[in-house]
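Because only heavy atoms are used, hydrogens play no part in the values below, and waters and symmetry mates are left out as well, while side chains stay in. Chain letters run A, B, ... following the sequence lines, proteins first, then strands; residues in each count from 1.
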Number of protein chains: 2
Amino acid sequence: MKIGELSRATGTKIETIRYYERIGLLPAPARTAANYRSYGGAHRARLAFVRHSRELGFTIEEIRSLLDLSDHPDRDCGEADRIASLHLEQVEGKIAQLTLLHDELSRIVGRCRGGLAGDCRVIEALGDHAQCRGTH
Amino acid sequence: MKIGELSRATGTKIETIRYYERIGLLPAPARTAANYRSYGGAHRARLAFVRHSRELGFTIEEIRSLLDLSDHPDRDCGEADRIASLHLEQVEGKIAQLTLLHDELSRIVGRCRGGLAGDCRVIEALGDHAQCRGTH
DNA sequence: CTTGACCCTGTAGTGGCTATAGGGTGCATA
DNA sequence: TATGCACCCTATAGCCACTACAGGGTCAAG
């Protein structure tokens, strides 16, 4: 498989694949006579793992650890669970924060009744945190 | 007010204040004989506006437009409302996306029962998007 | 034999800061 | 008077996870 095919097969941009190789997330594949990268099924599975983990919001370093575990089936699984649980907590925190933010924002947006910027409640509210109800 | 005082007064790091000046969000203040920046109430209010807007998730460019409106009280307020509404939509989108992600993650995390990485359901699920229920 | 799709390397840019290096200033204390 | 210390200055590089060039090579079809 050439890089373009791998790209289409996994929905990953070519530059991103090369980037993952450069930072050591994917192993350097064999090369054809024309110096083109040549991938097999294992590469594809590994890239799918990386993409799926990225879609789920894991950082590159977390993925590095997860791949390392995946490469050593004799190790304890607890580490993978620890990484994923920690990440889940962070996602929950982020949702909570965004929800607070959403509430303030919709209160602010709801105040606009048209008119001139000088009388604008939206601009006024942005300059004055004291008008907020929650803590964001 | 010296930069350190403005920093403490607004909860903004000194480097960040200088950064905002460099990119043109804050006007360059007067300087003392020792070339120290010297701020007044207007600077402080403007920085508060910027910080509050950043806390609410507006980008620097959005804030630039909002400040521009705030500087021209004779303009129409609709633009401010448009920026804020658009941003609110983006926040809603982000929350929805994070919620999907949260659901998949918690399903994945719940599967771990200890043991070896080779049998790990967490690692398996990360490699196989087909195990997911929703679209993230 | 040229066109166009594909591939290569290397480097710079994105946003929004944050950190560091290498210096100057101002005031209190020994 | 010297010295320490907190504060200030500029300029530049680093962070994350890509993304976008520039400038070139390869290969099959028409």
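- For C:dA19, one of the phosphate oxygens OP1 or OP2 lies less than 4.0 angstrom from a side-chain nitrogen or oxygen of B:Lys13.
- Judged by distance alone, the side chains of A:Arg51 and A:Tyr20 do bring a donor and an acceptor atom under 3.5 Å apart.
- The base of C:dG24 is paired with the side chain of B:Tyr36 by a donor and an acceptor separated by under 3.5 Å.
- Rounded to whole Å, the distance from OH on B:Tyr19 to P on C:dT14 is 11 Å.
- For B:Thr59, counting side-chain heavy atoms from C-beta on, the closest listed nucleotide (C:dT20, C:dT25, C:dG16) is C:dG16.
- Residue contacts shown for A:Ile23 are absent, as no nucleic acid heavy atom lies under 4.0 Å away.
- Checked against C:dG26, C:dC17, C:dC7, the side chain of A:Ile14 finds its nearest nucleotide in C:dC7.
- A sub-4.0 Å separation between OP1 or OP2 of D:dC18 and a side-chain N or O of A:Tyr20 is present.
- Place B:Glu61 and B:Ala33 on DNA chain C by their nearest nucleotides, and B:Glu61 ends up nearer the 5' end.
- To the nearest 0.5 Å, the span separating NZ on B:Lys2 from CD1 on B:Ile14 amounts to 10.5 Å.
- The 5' end of DNA chain C is approached more closely, in terms of each residue's nearest nucleotide, by A:Arg8 than by the other of A:Arg8 and A:Arg22.
- Listed nucleotides D:dT10, C:dG16, C:dC7 differ in distance to B:Arg18; the shortest reach to its side chain belongs to D:dT10.
- Here A:Arg31 does not reach the OP1 or OP2 of D:dT26: none of its side-chain N or O atoms lies under 4.0 Å away.
- Atom-to-atom, CG of B:Leu47 to C1' of C:dC17 comes out at 14 Å; the value is rounded to the nearest Å.
- Using a 4.0 Å cut-off between a side-chain N of Lys or Arg and a carboxylate O of Asp or Glu, A:Arg121 and B:Asp81 do not qualify as a salt bridge.
- Using a 4.0 Å cut-off between charged nitrogen and carboxylate oxygen, B:Arg111 and B:Glu124 do not count as a salt-bridge pair.
- Distance from the side chain of A:Asn35 is smallest to C:dC8 among C:dC8, D:dT19, D:dC8.
- Contact annotation: B:Arg54 side-chain N/O to C:dC17 OP1/OP2 distance is under 4.0 Å.
- A sub-4.0 Å separation between OP1 or OP2 of D:dC8 and a side-chain N or O of B:Arg37 is absent.
- B:Arg51 comes within 4.0 angstrom of the backbone, heavy atoms only, and of no base.
- Place A:Glu15 and A:Phe58 on DNA chain D by their nearest nucleotides, and A:Phe58 ends up nearer the 5' end.
- With DNA chain D read from its 5' end, the first of the two nearest nucleotides for B:Ile3 and A:Thr32 is the one closest to B:Ile3.
- Between A:Phe58 and A:His87, the angle of the ring planes lies from 30° to 60°, which puts this pair in the tilted group.
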